[in-house]
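In this chain, numbering begins with 1 at the start of the sequence shown.
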Amino acid sequence: MSQVPMTVRGAELLREELDHLKHTRRPKITEAIAAARELGDLKENAEYHAAREEQGLTEARIRDIEGKLSVAQVIDVTKIPNNGRIIFGATATLLNVETDDEVTYRIVGDDEADLKAGLISVNSPIARAMIGKELDDVLVVNAPSGDIEYEVVEVQYL
């Protein structure tokens with residue numbers, strides 16, 4: 001299986017979620033199942049079935065996170081010399097050539113993406129257009145509304 005890029009913060013967040021699921025959520029579900037069993041007939045016991053369903057979802061999420069962390073290539077962009085080139089983990093400020101609006105994006109892994117926070121997936125069209133560009137370069141993003149031209153005005157390795 002190929003490695004999946006992930007920022008240091010993204011890996012930390014996944015490890016925290018995994019720890020919470022294993023050490024807080026899992027024991028609570030086990031307790032809920034035990035309490036529901038004490039209520040009697042399991043065939044018609046809604047609490048038991050709900051707890052078992054929650055257990056299944058939690059175990060699936062634990063496996064999912066463990067799988068992602070096992071193939072993660074954690075990249076700490078702060079340890080890479082900033083040569084002005086946009087790479088995974090870099091934060092870039094772009095100027096829309098047509099409207100003069102500035103936007104700032106940080107390229108992160110798929111699980112970390114949050115457009116409202118300015119975090120875009122490395123697999124998004126805009127990130128693919130940004131990768132490899134340098135200060136003052138112009139990039140074209142193929143958007144559903146048409147091509148959008150941006151000029152790179154700042155590249156930071158935060």
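- Across Thr7 and Ile107, no two heavy atoms sit closer than the pair CG2-O, 4.5 Å.
- Grouped by direct or indirect side-chain proximity (heavy atoms under 4.5 Å, Ile/Leu/Val/Met/Phe/Trp/Tyr only), Leu14 sits with Met6, Leu18, Leu21, Ile62, Ile65, Leu69.
- Remark: side-chain polar atoms of Asn82 are paired, donor with acceptor, to backbone N or O of Val155 under 3.5 angstrom.
- Asn45 places a side-chain N or O within donor-acceptor distance of the main-chain N or O of Ala36, the cut-off being under 3.5 Å.
- Between the side chain of Arg128 and the backbone N or O of Asn123 there is at least one donor-acceptor pair closer than 3.5 Å.
- Under the 4.5 Å side-chain criterion, counting only non-hydrogen atoms from C-beta, Gln3 is not in contact with Val71.
- In terms of heavy-atom proximity, Phe88 sits nearest to Val108 at CE1-C, 3.3 Å.
- In terms of the side chain to side chain donor-acceptor pair (under 3.5 Å) criterion, Tyr48 has no residue partners (sequence neighbours excluded).
- Taken to the nearest 0.5 Å, the CD1 atom of Ile86 stands 12.0 Å off from the OH atom of Tyr105.
- More than 12 heavy atoms of other residues, nucleotides or ligands shown are found within 6.0 angstrom of CD on Glu59.
- Under a hydrophobic-cluster definition in which Ile, Leu, Val, Met, Phe, Trp and Tyr are linked whenever side-chain heavy atoms come within less than 4.5 Å, directly or via other members, Val140 and Val153 are assigned to different clusters.
- Here the shortest heavy-atom pairing between Leu94 and Tyr150 reads CB-CD2, 3.8 Å.
- With salt bridges taken as basic N to acidic carboxylate O contacts below 4.0 Å, none links Glu17 and Lys68.
- The OG atom of Ser121 lies 11.0 Å from the CG atom of Leu115; values are rounded to the nearest 0.5 Å.
- The side-chain heavy atoms of Glu102 and Glu154, taken from C-beta on, include no pair separated by under 4.5 Å.
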- Message: Run Ile75 and Gln73 through side-chain contact (heavy atoms from CB on, under 4.5 Å) and show every step you take.
- Response: CA-CA 6 Å; Ile75 299 170; Gln73 178 185 10; 4.3 Å; yes
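- In summary, Arg25 and Glu54 engage in a salt bridge, as defined by a charged side-chain N under 4.0 Å from a carboxylate O.
- Ile120 and Val8 end up in different hydrophobic clusters when Ile, Leu, Val, Met, Phe, Trp and Tyr side chains are linked at under 4.5 Å.
- Scanning all heavy atoms of the two residues, the minimum distance from Ile33 to Arg52 falls at CD1-CD, 3.7 Å.
- The two residues Pro5 and Val122 make their nearest non-hydrogen contact at CG-CG1, 4.2 Å.
- Taking CD1 of Ile148 as the start and CG of Asp101 as the end, the distance is 10.5 Å to the nearest 0.5 Å.
- Summarising the geometry, atom CE belonging to Met130 is positioned 11.5 Å from atom CD1 belonging to Ile87; distances are rounded to the nearest 0.5 Å.
- Under the 4.5 Å side-chain contact rule for hydrophobic residues, Ile126 and Leu95 do not share a cluster.
- Minimum interatomic distance between Val77 and Leu158 (heavy atoms only, all atoms of both residues): CG1-O, 3.3 Å.
- Taking the charged nitrogens against the carboxylate oxygens, Arg15 and Glu12 have no contact shorter than 4.0 Å, which rules out a salt bridge.
- Looking only at distances, a side-chain donor or acceptor of Arg106 sits under 3.5 Å from a matching main-chain atom of Gly89.
- Expressed to the nearest 0.5 Å, how far OG1 of Thr58 lies from CD of Glu53 amounts to 10.5 Å.
- To the nearest 0.5 angstrom, Arg85 atom CZ is 10.5 Å from Ile131 atom CD1.
- Looking only at distances, a side-chain donor or acceptor of Ser70 sits under 3.5 Å from a matching main-chain atom of Gly67.
- Applying the side chain to side chain contact (heavy atoms under 4.5 Å, CB included) rule to Thr104 yields the partners Thr91, Thr93; only residues at least two apart in sequence or on another chain are considered.
- Within 6.0 Å of CD on Glu16 lie more than 12 heavy atoms contributed by other residues, nucleotides or ligands.
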